There are 2 protein chains.
Amino acid sequence: MAKSQSAPTLEDVAKAAGVSTATVSRCLNDPNRVIEATRKRVMAAVDQLGYTPNFAARAMAAKRSLTIGAVIPTMNNAIFARALQAFQDQLAQAGYMLLVGSSAYDPVAEREQIRNLVARGVDGILLVGFEREPETYDYLKRHGVPTVAAWTYSEDGPVPSVGFDNHLAMQSLTEAVLSYGHQRIGFIAGKTEGNDRAKGRVDGVIAALAAAGIPRDQLILREADYDISAGAIHFREMMDAPHPPTVILCGNDVIAAGAMRQASRMGLSVPGDVSITGFDDMELAQIITPALTTVYVPHDEMGQRAARTLLQQIEGAEDVASVKLATKIVFRASLAKPTSVP
Amino acid sequence: MAKSQSAPTLEDVAKAAGVSTATVSRCLNDPNRVIEATRKRVMAAVDQLGYTPNFAARAMAAKRSLTIGAVIPTMNNAIFARALQAFQDQLAQAGYMLLVGSSAYDPVAEREQIRNLVARGVDGILLVGFEREPETYDYLKRHGVPTVAAWTYSEDGPVPSVGFDNHLAMQSLTEAVLSYGHQRIGFIAGKTEGNDRAKGRVDGVIAALAAAGIPRDQLILREADYDISAGAIHFREMMDAPHPPTVILCGNDVIAAGAMRQASRMGLSVPGDVSITGFDDMELAQIITPALTTVYVPHDEMGQRAARTLLQQIEGAEDVASVKLATKIVFRASLAKPTSVP
DNA sequence: TTGTACGCGTTATCAC
DNA sequence: GTGATAACGCGTACAA
């Protein structure tokens, strides 16, 4: 029996093919630098022994790991999962694999994960949003690890970004809502602490109201976790208050779904008694009844472009441009004119 | 300026602390084997230099990478994403990171990913389902890589499993459906090729029908991709046929959501004109209208248990037991008695 | 075109 | 308790 202990090494292949390890290495990494005859012999040995290179050794010698890291808040949110899948597909094509960490929206955990990824020698890192300690960016720069921030966009961020303007997107949606005639607005936002995307969306709403001359205290603002029940709870509180809003904007589609469910539990009709809007346009938005007016975000494209932006940096490009993705409002049944109010 | 070229190494720390690299290494990996005084000195040097170990080097020397690989069909499906998140959380606690690959339901791609993971020296691998070439299992065994299969369960599979009995779960649901009085059954299953979970579910339905003495040709069976539109299309075809079923079972909740949407587009009431059931009990199931009768699967627990099962193997446990998770039927409004038929 | 030999940063096995 | 030092598997100047 052959020993089934350890995988064959470069040296085993070299011996089998009657060449040096250097030649084998070249065959694998830069085939044209070796003459056809020997190359064939080497290749034969390679797949006869079932040789596969040891990545750790390769990483150490070549100082590249063919691995990309990503730190996202959570994969439980379909939008992160979806973009991450697109990101990963694109990387796989280029021979990279994805090392994932999740922060659970905790800045400290994120920082840890980033250091861990760097220690593991990843060739690049995908982050969500810009907001984090400057030290982290220093750290990344010092270690020469290419980085890209997604779900956000700025031409002059600390690292290139691939995303959209959260402020503008939400401002547009709010303007549209106002044009329907709504005056009392509720907004169940995502938690804004350490979350520039959520912050941008809140600012967008406020800006739209200001532009329309609606007093700031007409806005009922709450921050919620990104889940169904949080949406439901805040919806109930808002609607139970003395002067309930005629429309409730939500920080994302999941919160909106929670609001919608609560509405039906309270016997409120949407959009008859109250309009509801979301953000992201996940599949969910089309499935619930009534269908959700929301902001479409090209998640797949974001993942793909983020991957390409990162690969460009890895390949040595100097000034990689940030990518600004367009969002658009998708009007569906959940938004309508407010009914006359007392 | 300090040189910002490369990260500090063990040797730098050793020099700074006035000890040998061996001592530094011990301080980090097995602190009690070094006296307090020196340990303090070393630790001070460590975080003064901002030292973080190089994983590639560590992997090579220690023959463990503190990395776990996973190959799943796709993260776009919330159920995989969800369990993967739980899996990852559990691993992170033990100091491991997750290297993910996705197969897009393609056996060849999966095989590639597995080899890639092994070449990268992962300490363990998570796979979905049992069905794949025996060679793959040989390969994994030969390389001594602990493996666990999830979303499926068997006491004597090629590797330990953490999951549930797909056959039994679907059989139970079908029995429940039959007990409502349904006779003409439609089943929009997932693609069964290379997918033992989908196959198990189909067999479960067939077994239940057989046990109830319902002729096999009363079952209208279709295979669909796991997405909304596929569910919609097959639903329409089934309902447009001469003798439409009174209930349509679906291979998962997403397909069911598609069916439901199509029903409303066709002006069919659920469950008035036709009942619909799903599988997985994702959040979706409670949000759509009517709420979906489905099979609850403990995805989070599955991810967690899979992680622990894998870690046990890595820690050298000999006969790690497979974990059988319980599913249960969740009755909601989408299932009711069939209305009298002509 | 091909081979030699060193270095990459750790861990682990020895002595001391 | 601590310090040399030999692996670990590969890439790559440099030499031939």
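We name chains A, B, ... by the order of the sequence lines, and we start the count at 1 in each one. All values reported here derive from a predicted model rather than from experimental measurement.
Listed by first and then second residue, the salt bridge (Lys or Arg N to Asp or Glu O under 4.0 Å) pairs that reach into residues 31-44 of chain A are A:E36-A:R39, sequence neighbours excluded.
The separation between A:H143 atom NE2 and C:dG9 atom C1' is 15 Å, rounded to whole Å. Atom CG in B:D12 sits about 11 Å away from atom P in C:dC8, given to the nearest Å. Computed from coordinates, the A:R39 CZ to C:dT2 C1' distance equals 14 Å when rounded to whole Å. Distance, B:L66 CG to C:dT11 P: 10 Å, rounded to whole Å.
Ion pairing between B:R111 and B:E135 fails under the 4.0 Å rule for side-chain N and carboxylate O.
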Exercise for the section: Summarise how protein sits on nucleotides 5-16 of chain D as a single string, 5' to 3': B when a protein heavy atom is under 4.0 Å from the base, S for sugar-phosphate-only contact, - for no contact. Expected result: B--BBBSB----
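Atom CG of B:D319 sits in a sparse spot, with 12 or fewer heavy atoms from other residues, nucleotides or ligands closer than 6.0 Å.
Across all non-hydrogen atoms, the minimal contact from A:L66 to A:R64 is CD2-NH2, 3.2 Å.
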Exercise for the section: Assess whether ring pair (Phe, Tyr, Trp, His ring centres under 6.0 Å) is satisfied between B:W151 and B:F80, documenting all intermediate values. Expected result: CA-CA 9 Å; B:W151 274 274; B:F80 292 125; 4.8 Å; yes
Exercise for the section: Decide side chain to side chain contact (heavy atoms under 4.5 Å, CB included) for B:Y226 and B:N76; before the verdict, give the C-alpha distance in whole Å, the side-chain angles of both, and the deciding distance to 0.1 Å. Expected result: CA-CA 10 Å; B:Y226 279 132; B:N76 277 345; over 6 Å; no
